[in-house]
Amino acid sequence: MEASSSGSNIPAVTNGKTKIHHAEGTEDLQSNQLETQISIKPDVQRRDVDFSEILNAIQEIAKDVNIYFDELEGVNSPSKDDDSLLHHGNLTSTSDDASRLETVGEGVPDKNKSNGLYFRDGKCRIDYILVYRKSSPQTEKREVFERNIRAEGLQMEKESSLTNSDVIFVKLHAPWEVLGRYAEVMNVRMPFRPFNPFTAGAPCILVRCCFLNGHVLEINGQSRRSRRKIYYLHRRHKFMNRIERQISRFRGWLPRKPMRLDKETLPDLEENDCYTAPFSQQRIHHFIIHNKDTFFNNATRSRIVHHILQRVKYEEGKNKIGLNRLLTNGSYEAAFPLHEGSYRSKNSIRTHGAENHRHLLYECWASWGVWYKYQPLDLVRRYFGEKIGLYFAWLGWYTGMLFPAAFIGLFVFLYGVTTLNHCQVSKEVCQATDIIMCPICDKYCPFMRLSDSCVYAKVTHLFDNGATVFFAVFMAVWATVFLEFWKRRRAVIAYDWDLIDWEEEEEEIRPQFEAKYSKKERMNPISGKPEPYQAFADKCSRLIVSASGIFFMICVVIAAVFGIVIYRVVTVSTFAAFKWALIRNNSQVATTGTAVCINFCIIMLLNVLYEKVALLLTNLEQPRTESEWENSFTLKMFLFQFVNLNSSTFYIAFFLGRFTGHPGAYLRLINRWRLEECHPSGCLIDLCMQMGIIMVLKQTWNNFMELGYPLIQNWWTRRKLRQEHGSQRKTSFPQWEKDYNLQPMNAYGLFDEYLEMILQFGFTTIFVAAFPLAPLLALLNNIIEIRLDAYKFVTQWRRPLASRAKDIGIWYGILEGIGILSVITNAFVVAVTSDFIPRLVYAYKYGPCAGQGEAGQKCMVGYVNASLSVFLVSDFENRSEPTSNGSEFSGSPLKYCRYRDYRDPPHSPVPYGYTLQFWHVLAARLAFIIVFEHLVFCIKHLISYLIPDLPKDLRDRMRREKYLIQEMMYEAELERLQKERKERKKNGKSHHNEWP
């Protein structure tokens, strides 16, 4: 090749090296697999590229190499991210790196033998592990099962445990033929070889080209991690170069997209960058197969093996099949796929790369150092499967959507803080030193000045202010927007993960259902095979009994709440007579705080009982399949725990202080205990305390149990191993031994994780008008929750089976139900629990601005006095009369005291009857509830209508992909037929009626 005129750059590819000619000399750069020379003679006068010459050169390369054109990059847009994490000596290609992460590699069987991921020969990778005990009595069933496993083509190897000779590990490996056969049966989608427009049917090529100053500066193949961009700049003055270096150094200090993961740290997930199609052995040449050992990733291999194990017979009989039944009857103790090695490494991931996918997940997902970064959902899906990937995708989406809700809730709280000194109601309460309030309990509670509740009035204003109604409407709309946009997000994920056309397989019948109804059979309309049948009358009777059990347990919850109410009534008098002045003066707050803590303990104890009752009732119903059983159990557990968690909150929000009567005629429980009244500053402070304490304690306890329990169990297991075998022996344990000593995943799968978040969603939306800081607390908890769950999945649990799912299942319907309930409860909280409506009625009807259409703070003058009624002290009942006569306030016994209500004075024609203002407030409350609900529901339905479930660009992409796949298949098939035709001509054979 000839070099161009001096002062210009000529890139050339020679024997795998790219040469860039400078005026000073030549710099050699490693390329990947290109052995063709490219010569470009740039025009000195023009800086544009002769694309025809480039395309001709690339077409020559395309005959032997697979290429793909990436985007063109210019001089003025150098990317810092490309080289920030690349180090010399670590420039491996993506395909090589993926192979290294998928398997230790070919030609190193000695190393494979020692890592515990392969058979003894170091070549066959372990796809699944079965564990049993030699002392188990089910030997015959196990032998038949294993013999049938071998007949299916799976390879098997057994190994005794190093710590317990009674424990036997069965290692299973699926050869390529078995994987291909069952991948076709299961419709596993794999990367499809696309059509290359440059070569008119040649294989697709992966080439990266950078055009700069009119020249090709880089032709780099196959690897995103290996690309090294070389930018050539014309000779400039040293001063300008020095300034540019300083500017580049300064920009290097600034974070660039700090929430995104470093792309150089993640492997190239090839299946997400290619079209996919259901695997077919007849069209195997259409798929991108670099290495048969790594074509199916580990999660897919384990899923295929599990599919086989679920259909292998262990005993003669039409229904004596499946691994699940053997696990149930004790033939096998455990069954699980292996983790891909250790999650820790002595070397840094930035300098030496990830040892395996588990190590990569730990470093970029489960580590606390990346708490602020996005989740690597594609890698989670690749390692744990679509079902777990969808859970973390939903959790991340929910957490992200909490940011605006938390910001607005914090704004409402700060608005209350900033307007606190201008609030006329709290000013009047704090200045009301001459207003004496009636005792809030019998005998021991003293008279008190209204000004003593100044602090509580100010705290109430922080949550009950002018922005509360806006926030209630916002949260109702937010819940709808969250669900609607999640449907769109789920659609995008389903498209990216090839779940759009995936349909669940026909589920197997549960063994319990089969054993119960094996005598009566009918034809399955789908499979056409006879199967056990449950009569309609039997099913209805079982559902009625189950519903009765649910109703009984709800009554148990109500009884527990009733016990809490009695505790509050009795304790408030006890605290009022307490020796300590601090408790005596704050008896109502102490009562509320201790009642909430006791209520939390009762909630946690009843949760244990509810789980056992839900299991009993669900098994009593005899669901036909596992998904029906799971949905029934999920609905019962959610209903039990939701009622258990929120029953006391509903009592405080809507019943506390509403049906107490008035002084002299109090309503009593069992004609003995006087019902509890609200604090003189209102009932909202009690609701805030209830929600804050329950939410914080519940989340703290859940996080401790999620991580603390498996940590303690695994620590105890490691401690016993160290005592029995020494500390050095543990490091030499094979991977199956290490995974066996980890905790198995929850028996109910992701139920506990979803339930915790759904209950939190209820707390965040249902009573959010009374506690605007709930979204903020939920956001902080979820940021921790994501990393806790990730750490638990990666380090503390055995690797779960990679299951597929299209959505989050029944939980979405529960979320929609909570969203509807939140509109109703928030309407009642604003109208009934808070003082928003009474203040509004006073401002427009009874205040200084009555009839003027104004409602500012100046219109609230006199509101406190108008909201209090007068009571004659001599009208107290004997059992309610306080021990003190109130002489400490004025030097003489009190004649009158005040209480919160709208009633006539004692000397009116109808003593203590309701005033006209009471009926105005009641009518306004009912009107507000109706208007609020209808308005918010209209907004919710309008938003649901306006936001399509499928984004338009995604719909277009799906149509485009469908069209392109048809074209690719046609072109690939045409290419194959043309090759066959050429081969026949070369061999001197000709056939008539050939096509094309």
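What you see is a predicted model, and the numbers here were worked out from it, not measured in a lab.
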| Would Asp739 and Arg798 satisfy salt bridge (Lys or Arg N to Asp or Glu O under 4.0 Å), going step by step from the backbone distance to the final call? | CA-CA 6 Å; Asp739 286 5; Arg798 296 173 189 163; over 6 Å; no
| task | List for me each residue that meets side-chain contact (heavy atoms from CB on, under 4.5 Å) alongside Arg488, sequence neighbours excluded, and say none if there are none. | result | Phe485, Ile947, Pro948, Pro951
| field | Results of side-chain contact (heavy atoms from CB on, under 4.5 Å) for Glu159 - residues two or more places apart only | value | Arg120, Lys171, Trp736
| message | Checking Glu630 now: which residues fulfil side-chain contact (heavy atoms from CB on, under 4.5 Å) with it, not counting sequence neighbours? | response | Lys387, Thr634
| Does Asp789 have any salt bridge (charged side-chain N to carboxylate O under 4.0 Å, His left out) partners at least two apart in sequence or in another chain, and if so, which? | Lys792
| With sequence neighbours excluded, residues passing side-chain contact (heavy atoms from CB on, under 4.5 Å) with Ile284 | Trp176, Phe279, Ile289
| Is the gap between the ring centers of Trp486 and Tyr398 under 6.0 Å? | no
| field | Listed partners of Asp953 passing side-chain hydrogen bond (donor to acceptor under 3.5 Å, both in side chains), at least two apart | value | none
| message | Between the side chains of Arg301 and Asp127, is the shortest nitrogen-to-carboxylate-oxygen separation below 4.0 Å, so that they form an ion pair? | response | yes
Exercise answer: donor-acceptor pairs, residues 182-189 side-chain atoms, under 3.5 Å, sequence neighbours excluded:
| residue | atom | partner | partner atom | Å |
| --- | --- | --- | --- | --- |
| Tyr182 | OH | Glu152 | OE1 | 2.4 |
| Glu184 | OE1 | Gln281 | N | 3.4 |
| Arg189 | NE | Thr276 | OG1 | 3.2 |
| Arg189 | NH2 | Thr276 | O | 2.8 |

| What residues form a ring-ring contact (aromatic ring centres under 6.0 Å, His included) with Tyr812, not counting sequence neighbours? | none
| request: Could you pull out all residues at least two apart from Trp629 that satisfy side-chain hydrogen bond (donor to acceptor under 3.5 Å, both in side chains)? | output: Asn619
| request: Taking salt bridge (charged side-chain N to carboxylate O under 4.0 Å, His left out) as the test, write out the residues that go with Arg957, two or more places apart. | output: Asp496
| For Tyr383, is the NZ or CZ atom of Arg358 found under 6.0 angstrom from the centre of its six-membered ring and inside 45 degrees of the ring axis? | no
| note | Hits for side-chain hydrogen bond (donor to acceptor under 3.5 Å, both in side chains) against Glu333, two or more places apart or cross-chain, chain-then-number order -> Arg133, Tyr740
| field | Qualifying residues under side-chain hydrogen bond (donor to acceptor under 3.5 Å, both in side chains), relative to Tyr343, sequence neighbours excluded | value | none
| Can a cation-pi geometry be assigned to Arg125 and Tyr118, taking NZ or CZ under 6.0 Å from the six-membered ring centre and within 45° of the ring axis? | yes
